[in-house]
Amino acid sequence: GNVRPNPAGSNPDMGAYENALGTPSAPPVPTNLAATVGNGVVNLSWTGNDYSTSYSVYRSTTSGSGFTAIATGLSTTSYQNTGLTNETTYYYKVSSTGAGGESDLTDEISAIPKAQKYTVKTDGSGDYTVIQTAIDATTDADTVLVYAGTYVENINYNGKNIVLKSADGPLTTILVPANNSISVVRIINNETADAFLSGFTIKDGGNVRGSAIKISGSSPIIENCIVKDCDNTTDGSFGAISTFHALPEIRNCLVYNNYAGFYFDSQDPATGPKIINCTVVNNQHIGLLGGSSNGIPEIYNSIVYGNGINIQGTLIITYSLVEGGFSGAGNIDSDPFFVDATNGDYRLSDYSPAIGAGTSTGTPSTDIDDNVRPNPAGSNPDMGAYENALGSPSAPPVPTNLAATVGNGVVNLSWTGNDYATSYSVYRSTTSGSGFTAIATGLSTTSYQNTGLTNETTYYYKVSSTGAGGESDLTDEISA
């Protein structure tokens with residue numbers, strides 16, 4: 001008995017029953033609008049209703065105003081908004097559309113996209129257990145944080161400008177190859193300086209060019225790594241670290257006990273790679289091998305010592321310790337006096353001439369162990385991967401066991417020196433406790449014969465040692 005059409009003047013409804021409305025209502029507003037974020041991404045979801053045929057998403061960068069539709073006609077209750085700027089706040093609303101038109105918009109929600117961090121742990125408690133699997137899940141600007149352990153795999157950045165770093169440093173985070181016929185780490189697909197590798201020991205690479213790290217057509221930053229024990233023995237061009245048409249910056253790295261340390265391809269870009277505060281030591285065949293034309297590498301604040309051949313090819317080297325010498329501003333030729341090179345401890349002893357001998361230009365703010373560089377503040381940085389706590393080297397230890405034998409008008413002195421002294425000086429007086437003057441300096445041996453003396457006269461002697469840090473205190477006096 002309901003009037004048809006209802007209301008009067010409208011078109012009648014279809015079917016046996018007449019609704020009180022002349023046209024259908026818009027569908028209900030969606031509910032439970034929520035967001036999750038990723039790297040440059042916001043993922044939206046909401047609860048729809050049976051009366052909607054599609055949904056629309058609105059966005060603004062201002063809360064409460066400025067909303068414009070960024071997606072319409074959506075058939076699902078989710079939407080991925082990509083291409084966003086990380087660390088920017090975005091505001092969203094959603095509507096539903098049905099036979100009666102578009103609903104009101106939901107209340108706004110906000111979301112801030114940001115780069116993602118994925119963890120890799122050998123015990124399975126992280127996001128992944130395999131580094132390459134984590135890399136494959138990333139997009140540019142993401143971070144892969146690798147916890148302590150030995151990872152048997154070959155990794156490839158695959159063109160991704162990501163941060164790959166260890167949580168605990170190179171001594172406990174170790175990469176060894178699963179396949180010795182390819183490089184352990186490959187950065188070979190146009191990666192930029194936003195591609196970052198930090199804090200790994202990379203070892204046991206096979207007989208291939210770039211057995212530890214191969215860099216081709218890319219400009220990554222590599223720091224705080226130890227590269228060792230790579231058996232790249234075919235020829236010197238098979239460096240443990242090899243570059244080809246590349247502009248990497250490699251800093252705070254220790255490269256030792258490989259057949260060949262670095263190889264720089266002569267077709268690198270004209271400006272060349274940069275090697276900063278690296279320690280390149282005890283590589284059997286060669287330390288640094290540069291090509292003869294384009295891409296002259298620039299090496300500074302580094303130590304190149306104890307290699308079969310330290311330097312070969314065209315290189316620019318400044319403010320570095322190079323065994324055998326190398327022409328360049330600030331370069332020195334000296335024993336670096338490592339703490340214990342025999343057992344792989346290439347930190348600088350307090351007597352090293354490399355302490356405070358670097359240049360502050362372009363120097364990293366920390367060393368391979370994450371110690372502040374330079375140390376102390378206001379001093380010049382050290383050469384090599386490790387920063388000593390001193391701003392300048394200490395004088396060498398005082399000689400010990402000073403002794404004398406006598407002859408006719410002669411006193412023969414001997415003493416025990418030390419590895420940190422480059423020379424010794426002898427002081428003499430005829431008065432105990434005072435009046436000592438140097439009678440011999442720059443001695444390279446630990447003995448001295450004082451001739452032309454007056455028999456039956458008492459002479460008093462002291463000895464000092466001199467090294468990179470200057471002259472030591474004098475020994476206690478002896479008489480003869």
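Heads up: numbering here begins at 1 and tracks the sequence.
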Tell me which one of Leu164, Asn252, Ile215, Val185 satisfies side-chain contact (heavy atoms from CB on, under 4.5 Å) with Ile222. Ile215
Expected output: side-chain Thr119 to main-chain Gly126 donor-acceptor under 3.5 Å: no
Hydrogens and angles aside, do Asn401 and Thr416 bring a side-chain donor and acceptor to less than 3.5 Å of each other? yes
Could you verify whether a donor N or O on one side chain and an acceptor N or O on the other, from Ser472 and Ser465, lie under 3.5 Å apart? yes
Do the side-chain N and O atoms of Asn375 and Glu387 include a donor-acceptor pair separated by under 3.5 angstrom? no
More than 12 heavy atoms of other groups within 6.0 Å of Asp419 CG: no
Can a donor-acceptor pair be found between the side chains of Tyr92 and Asn81 at a distance below 3.5 Å? yes
Kindly compute the distance separating OG1 (Thr89) from OH (Tyr91), expressed to the nearest 0.5 Å. 5.0 Å
Side chain to side chain donor-acceptor pair (under 3.5 Å) partner of Asn301, chosen from Thr363, Thr359, Thr318: Thr363
Where the side chain of Ser218 meets the backbone of Ser216, is there a donor-acceptor pair that is under 3.5 Å apart? yes
Find the distance between CG (Asp194) and CD1 (Ile162) and round it off to the nearest 0.5 Å. 11.5 Å
Asn331 side chain vs Ile317 backbone, donor-acceptor pair below 3.5 Å: yes
What orientation do Phe338 and Tyr305 show, parallel under 30°, tilted 30 to 60°, or perpendicular over 60°? perpendicular
Step by step, would you call Ile174 with Phe200 a side chain to side chain contact (heavy atoms under 4.5 Å, CB included)? CA-CA 6 Å; Ile174 301 166; Phe200 293 87; over 6 Å; no
Do you know which two heavy atoms are closest between Gly470 and Ala395, and how far apart they sit? O-CB, 3.9 Å
All ring pair (Phe, Tyr, Trp, His ring centres under 6.0 Å) counterparts of Tyr424, not counting sequence neighbours: Trp415
Rounded to the nearest 0.5 Å, how far apart are OG of Ser320 and CD1 of Ile275? 10.5 Å
Just verifying a value: how many Å separate Lys121 NZ and Asp127 CG, rounded to the nearest 0.5 Å? 9.0 Å
Exercise: do Asp350 and Asn388 side chains pair donor with acceptor under 3.5 Å: yes
Do any N or O atoms from the side chain of Asn258 and from the backbone of Tyr256 form a donor-acceptor pair under 3.5 angstrom? yes
Less than 4.5 Å apart, any side-chain heavy atom of Pro393 and any of Tyr351? no
With Phe337 via ring pair (Phe, Tyr, Trp, His ring centres under 6.0 Å) - residues at least two apart: Tyr420
Passing candidate, side-chain contact (heavy atoms from CB on, under 4.5 Å) with Ile213, options Leu197, Val184, Ile250: Leu197
Let me confirm one number: the OG-CD1 distance from Ser394 to Ile355, rounded to the nearest 0.5 Å. 6.5 Å
Asp168 side chain to Ser166 side chain, donor-acceptor N/O pair below 3.5 angstrom: no
Please indicate whether Lys165 has more than 12 foreign heavy atoms, meaning atoms of other residues, nucleotides or ligands, lying under 6.0 Å from its NZ. no
Going by distance alone, is a donor N or O of one side chain under 3.5 Å from an acceptor N or O of the other, for Gln80 and Asn43? yes
Assess whether salt bridge (Lys or Arg N to Asp or Glu O under 4.0 Å) is satisfied between Arg251 and Glu223, documenting all intermediate values. CA-CA 5 Å; Arg251 58 201 189 201; Glu223 70 173 18; 2.8 Å; yes
Applying the side-chain contact (heavy atoms from CB on, under 4.5 Å) criterion to Ile368, which one of Asn224, Asn277, Leu171, Thr279 satisfies it? Asn224
NZ/NE/NH1/NH2 to OD/OE distance under 4.0 Å, Arg347 and Asp369: no
Heavy atoms, side chains only, cut-off 4.5 Å: are Tyr459 and Thr430 in contact? yes
For the CG atom on Asp476, are there more than 12 heavy atoms of other groups (residues, nucleotides or ligands in this structure) within a distance under 6.0 Å? no
From CA spacing to verdict: side chain to side chain contact (heavy atoms under 4.5 Å, CB included), Arg59, Val42: CA-CA 11 Å; Arg59 186 185 72 198; Val42 171; over 6 Å; no
Determine whether a donor-acceptor pair (N or O, by modelled atom type, separation under 3.5 Å) exists between the side chain of Gln312 and the backbone of Ile286. no
Does any N or O in the side chain of Thr143 come within less than 3.5 Å of the main-chain N or O of Leu145, such that one atom is a donor and the other an acceptor? no
Near Asp473 CG, under 6.0 Å, is it more than 12 heavy atoms from other residues, nucleotides or ligands? no
Tell me the closest heavy-atom pair linking Gly417 and Thr446, and the distance in Å. N-CG2, 3.8 Å
Within the side chain of Thr201, is there an N or O that forms a donor-acceptor pair under 3.5 Å with the backbone of Pro170? yes
Strictly distance-based, threshold 3.5 Å: is any side-chain N or O of Ser429 a donor or acceptor partner for the main-chain N or O of Thr431? yes
Can you check side chain to side chain contact (heavy atoms under 4.5 Å, CB included) on Leu44 and Ile109, steps first, answer last? CA-CA 10 Å; Leu44 298 171; Ile109 63 168; 4.1 Å; yes
Quick one, Glu153 and Asn179 - any side-chain contact, counting heavy atoms below 4.5 Å? no
Could you pull out the closest heavy-atom pair between Asn161 and Asp140, with the gap in Å? N-OD1, 2.9 Å
Near Asn408 CG, under 6.0 Å, is it more than 12 heavy atoms from other residues, nucleotides or ligands? no
Would you check if Tyr319 and Thr361 make a side-chain contact, meaning some heavy-atom pair closer than 4.5 Å? no
Specify the closest pair of heavy atoms between Asn418 and Pro397, including all atoms of both residues, with the distance to one decimal. ND2-O, 3.0 Å
Check step by step if side chain to side chain contact (heavy atoms under 4.5 Å, CB included) holds for Asn156 and Asn189. CA-CA 9 Å; Asn156 191 331; Asn189 291 288; 3.6 Å; yes
Exercise: identify the closest heavy-atom pair between Pro177 and Gly205: CG-CA, 4.3 Å
Backbone N or O of Val255 within a donor-acceptor pair of the Tyr346 side chain at under 3.5 Å? no
Please examine the side chains of Phe264 and Leu288, heavy atoms only from C-beta on, and report whether any two atoms are closer than 4.5 Å. yes
With a 4.5 Å heavy-atom cut-off, do Ser464 and Leu474 have their side chains touching? yes
Measure the shortest side-chain to side-chain distance between Asn257 and Asp229 over non-hydrogen atoms and say whether it is less than 4.5 angstrom. yes
Looking only at heavy atoms, the pair that brings Tyr427 and Glu471 closest together is OH-OE2, 2.7 Å
Can you name the residues that form a ring pair (Phe, Tyr, Trp, His ring centres under 6.0 Å) with Tyr118, not counting sequence neighbours? none
Is the shortest heavy-atom distance from the side chain of Tyr386 to the side chain of Leu254 under 4.5 Å? yes
Short question: side chain of Asn307, backbone of Val280 - any donor-acceptor pair under 3.5 Å? yes
